[in-house]
Amino acid sequence: MLPPETALWNRVERTAREVFARYNFGEIRTPVLEATELFARGVGEETDIVSKEMYTWEDRARAASEKPQSLTLRPENTAGVVRAYIEHKLGDTGQLQKLYYIGPQFRRERPQKGRYRQFFQIGAEVIGPATSGSESPLRDAEILEMLATLLDELGIPRASAANEYKGWRLHLNSVGSSTDRPRYVAALREALLPVKDRMCPDNQRRAETNPLRVLDSKDEADQEIINGLPKIADYLDEASTAHFTAVRAALDACEVPYTVNPRLVRGLDYYTRTTFEFTVDLGLGTQNALLGGGRYDGLSEMLGGPKAPGIGFAIGEDRLILTLQALAESAAAASGEVPTEPKVDAYIAPLSPAQDAAALALARTLRSKGLSIEVGDGTFRLKKSFDAADRVARSIVILGEDEVASQTATVKTFSTGDQSKVAFSDLATTLRS
Ligand code: HAM
């Protein structure tokens with residue numbers, strides 16, 4: 001990743017940090033390496049991530065008494081956050097923990113547009129003992145409303161009837177509690193028995209190993225069968241149904257639009273109750289899931305920790321950037337304007353090496369006043385300085401022997417062609433205007 005694109009990454013990250021701070025989230029930084037077992041237990045042995053996509057190796061033992069350890073480049077960060085929650089006994093505070101992270105994740109997937117082996121996630125998790133309110137449907141709705149706000153502030157429109165393909169869309173589901181899910185999976189398994197032989201080989205395998213995965217299959221020919229399978233909503237117990245109803249009521253109150261998608265089960269095993277994905281069709285091709293998340297009320301216990309219900313999400317930052325770039329391109333195409341690269345306020349051109357030091361000193365003064373400055377080189381001929389300046393700066397400040405002696409520079413503004421003599425003491429004001 002290179003400039004100027006990295007400026008867009010920085011803007012996105014800055015906006016995310018600002019929005020998260022307003023919702024009282026603090027940053028957590030977890031290691032890129034974790035013990036393989038963490039993901040096997042947390043994300044699930046049968047998931048694609050753990051069974052096929054992790055970068056895992058045996059770290060050599062340093063001493064004969066030590067056993068080699070199996071390490072993995074993190075494929076996601078929820079398991080790492082919950083590990084940190086357990087390790088640092090954050091539950092003992094009794095407080096709700098609201099943590100966000102920004103960083104690289106690694107999955108050995110087949111790379112294509114929007115799908116990479118090293119990709120970046122911006123994510124957040126809300127977790128705490130049940131007495132801290134971590135189980136409340138309010139937390140689910142708050143997270144979703146925060147995401148809607150973040151996308152609004154980044155300038156990604158909400159999908160509407162008028163611009164159906166341009167905006168974001170929230171898909172929402174409940175996958176039930178840890179008791180609802182086994183009942184549903186059993187029903188799914190039974191319903192799949194008579195039909196699975198007509199399905200693609202991948203789905204035949206999933207029907208045996210992890211029937212929920214059949215639901216997010218994209219195989220065209222299998223869609224009709226999948227649409228006829230039992231729906232999770234019919235297997236939710238009273239408490240899960242009430243939770244889902246409350247989440248939806250809070251979203252309605254906050255005017256966050258959503259579509260209930262009963263097939264949204266997500267590719268990680270830790271989810272309970274609320275699951276969600278935001279999709280956007282612009283710029284992403286087939287990889288249209290911009291972000292995903294959900295509740296994981298049993299994850300801490302699965303990892304040997306205390307009961308600590310939680311909910312969180314991770315945005316695919318690469319996909320967010322692709323979306324923003326596509327939006328900027330279509331806006332430019334609609335207005336006919338050619339997007340320009342950002343330029344510095346001025347380029348200081350010393351006329352000979354004798355003015356190099358003065359040029360640097362002047363740059364220092366202007367930079368200290370907040371201006372962005374590039375400094376040329378006294379060995380350049382004037383024509384070369386002008387060409388270099390025109391490429392990177394809005395104005396050129398020429399500095400020869402006379403200018404240094406009189407503390408007055410010659411300034412030319414490229415957009416207007418205006419040229420004038422300006423005292424060093426007035427330079428900052430002139431360049432800013
Ligand atoms: P996930 O759905 O596996 O969930 O990933 C979240 C997002 O990361 C996806 O929606 C996608 O935008 C992005 N992503 C995933 N894989 C790739 C890839 N190979 N290349 C580019 N982008 C990718 C999780 O990771 C969960 N930890 C989310 C979560 C947090 N659930 C609860 N808390």
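Read the numbers this way: they start at 1 and go in the same order the structure lists the ligands and their atoms. Computed from a prediction, not measured in an experiment: that's the story for all the values here.
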Winner among Gly316, Pro111, Gly123 once heavy atoms are compared against atom 13 (C) of ligand 1: Gly316
Lys98 and Glu142 ion-paired at < 4.0 Å: yes
Proximal atoms of ligand 1 relative to Glu109 (non-hydrogen, under 4.0 Å): 16 (N), 17 (C), 18 (C), 19 (N)
Polar side-chain atom of Arg263 near backbone of Leu215 as donor-acceptor pair, under 3.5 Å: yes
Gln121 and ligand 1 - part of the residue with a heavy-atom distance under 4.0 Å: side chain
Heteroatom proximity flag, Tyr270 to ligand 1, N/O under 3.5 Å: yes
Per-atom contacts of ligand 1 with Tyr271, taking only distances under 4.0 Å to non-hydrogen atoms: 26 (C), 28 (C), 29 (C), 31 (N), 32 (C)
For the student: nearest non-hydrogen atoms of Glu277 and Ala289, plus distance: OE1-CB, 4.0 Å
Distance from atom 20 (N) of ligand 1 to nearest protein heavy atom, with residue and atom: Tyr116 N, 3.0 Å
Under 4.0 Å to a heavy atom of Gly114 - the qualifying atoms of ligand 1, by number: 20 (N), 21 (C), 22 (N)
Any donor-acceptor N or O pair under 3.5 Å, side chains Glu5, Trp9: yes
Ligand 1 versus Phe313: contacting region, heavy-atom distance under 4.0 Å: backbone
Atom 14 (N) of ligand 1 [closest protein heavy-atom partner, distance rounded to 0.1 Å]: Phe119 CE1, 3.5 Å
Pairing of Glu109 and Arg117 as salt bridge, 4.0 angstrom limit: no
Numbering as shown, the atoms of ligand 1 that approach Gly294 to under 4.0 Å (heavy-atom distance): 31 (N), 32 (C)
Salt bridge present between Lys196 and Glu208 (N-O < 4.0 angstrom): yes
Atom 12 (O) of ligand 1 - nearest protein heavy atom and its distance: Ala289 O, 2.9 Å
Phe120 and ligand 1 - part of the residue with a heavy-atom distance under 4.0 Å: neither
Pair listing, salt bridge (Lys or Arg N to Asp or Glu O under 4.0 Å) test, anchored in residues 294-311, at least two apart: Glu135-Lys307, Asp140-Arg295, Arg295-Asp297
Nitrogen or oxygen of Leu268 less than 3.5 angstrom from that of ligand 1: no
Close-contact set for ligand 1 against Gly292 heavy atoms, below 4.0 Å: 10 (O), 28 (C), 29 (C)
Under-4.0 Å heavy-atom contact with ligand 1, by part of Leu290 that carries it: backbone
Side chain, backbone, both or neither: the part of Arg115 lying under 4.0 Å from ligand 1 by heavy atom: both
Any side-chain donor near an acceptor of the partner, Thr379 and Asp377, under 3.5 Å: yes
Aromatic plane relationship, Tyr100 with Phe20 - under 30° parallel, 30 to 60° tilted, over 60° perpendicular: tilted
Electrostatic pair Asp92-Lys89, nearest N-O below 4.0 angstrom: no
Which residue and heavy atom of the protein sit nearest atom 11 (C) of ligand 1, plus the separation: Arg319 NH1, 3.4 Å
Nearest candidate to atom 33 (N) of ligand 1, where distance is taken over non-hydrogen atoms, out of Glu317, Arg117, Glu125: Glu125
Numbering as shown, the atoms of ligand 1 that approach Glu76 to under 4.0 Å (heavy-atom distance): 25 (O), 26 (C), 27 (N)
Charged N-O contact under 4.0 Å between Glu27 and Arg29: yes
Any Tyr296 heavy atom less than 4.0 Å to ligand 1: yes
Pairing of Arg22 and Glu153 as salt bridge, 4.0 angstrom limit: yes
Atoms in ligand 1 with a heavy atom of Thr78 nearer than 4.0 Å: 26 (C), 27 (N), 29 (C), 30 (C), 31 (N), 32 (C), 33 (N)
NZ/NE/NH1/NH2 to OD/OE distance under 4.0 Å, Lys384 and Asp387: no
Atom 4 (O) of ligand 1: nearest protein contact (heavy atom, Å): Arg266 NH2, 3.0 Å
Residue, atom name and distance, where the atom is the protein heavy atom closest to atom 7 (C) of ligand 1: Ala314 O, 3.5 Å
Asp252 bridged to Arg248 by N-O distance under 4.0 Å: no
